[in-house]
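All remarks here apply to the structure that follows.
Just so you know, residue 1 is the first one in the sequence shown, and it goes up from there.
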Amino acid sequence: MLDKIITTGLSVDTEPVRRSLQTIRRQVNRSPLMERYLDRWDMIVRTNDIDDIRRIVETDDDTSREMRNLSPLSVLLSDDERRRVLTEFGARLKATAQR
């Protein structure tokens, strides 16, 4: 997703992304922590903060993992792009497991 955003100059502040974020808000528990994560996503989307998206993608801590799980950005991928990403991820995971 990040690669597509960077290489195409795609804005994340789009109606589909905002709708996705609203749907996620309705579906997750209303804990203060989840609200904070979703508020952060809201700010990222509104400001089109690609640097913050990059930090979320590249950092392997609990917060970044939760932020990735709550990402509203998947709507920016077409079905074909989503399948390709999943296929590539599966191949990488399989190669890592065989090491």
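- Between atom OG of residue Ser64 and atom OH of residue Tyr37 there is a gap of 9.0 Å, rounded to the nearest 0.5 Å.
- Residues Thr63 and Glu66 have side chains that never bring a donor and an acceptor to within less than 3.5 angstrom of each other.
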Solution key, residues 84-91 side-chain donor-acceptor pairs under 3.5 Å, sequence neighbours excluded:
{"unit_1": "Arg84", "atom_1": "NE", "unit_2": "Glu88", "atom_2": "OE2", "d": "3.4"}
{"unit_1": "Thr87", "atom_1": "OG1", "unit_2": "Arg83", "atom_2": "O", "d": "2.9"}

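- Checked against Met1 for a side chain to side chain contact (heavy atoms under 4.5 Å, CB included), the options Ile6, Leu73, Val75, Val57 give a single hit: Leu73.
- Counting only distance, with no hydrogens or angles, the side chain of Thr23 and the backbone of Arg19 share a donor-acceptor pair below 3.5 Å.
- A donor-acceptor contact shorter than 3.5 Å links the side chain of Lys4 to the backbone of Leu76.
- Remark: Arg36 engages no residue in a salt bridge (Lys or Arg N to Asp or Glu O under 4.0 Å) (not counting sequence neighbours).
- Contact annotation: the side chain of Glu35 never approaches that of Pro32 to less than 4.5 Å [non-hydrogen atoms, C-beta and beyond].
- Contact annotation: the side chain of Asp52 approaches that of Arg55 to within less than 4.5 Å [non-hydrogen atoms, C-beta and beyond].
- Judged purely by atom type and a 3.5 angstrom limit, Arg82 uses its side chain to pair as donor or acceptor with the backbone of Ser74.
- Here the side chain of Arg68 pairs a donor or acceptor atom with the backbone of Ile56 at under 3.5 angstrom.
- Of the residues Ile53, Thr47, Asp49, the one that meets the side chain to side chain contact (heavy atoms under 4.5 Å, CB included) test with Val12 is Ile53.
- Interatomic distance, Ile24 CD1 to Asn69 CG, rounded to the nearest 0.5 Å: 10.0 Å.
- Between the side chains of Asp80 and Ser78, no donor-acceptor pair is found at a separation under 3.5 Å.
- Between the Trp41 side chain and the Leu21 main chain, no donor and acceptor come within less than 3.5 Å of each other.
- Hydrophobic clustering, with ILVMFWY side chains joined whenever heavy atoms are under 4.5 angstrom apart, groups Val28 together with Met67.
- One N or O on the side chain of Arg25 and one on the backbone of Leu38 form a donor-acceptor pair closer than 3.5 Å.
- Using a distance-only test at 3.5 Å, with no hydrogens or angles considered, no donor-acceptor pair links the side chain of Asp13 to the main chain of Asn48.
- Here the CD-CG distance, from Gln27 to Leu70, works out to 10.5 Å after rounding to the nearest 0.5 Å.
- Residues passing the salt bridge (Lys or Arg N to Asp or Glu O under 4.0 Å) test with Arg26: none are found, sequence neighbours excluded.
- Annotation: the span from Asp39 atom CG to Met34 atom CE amounts to 12.5 Å, rounded to 0.5 Å.
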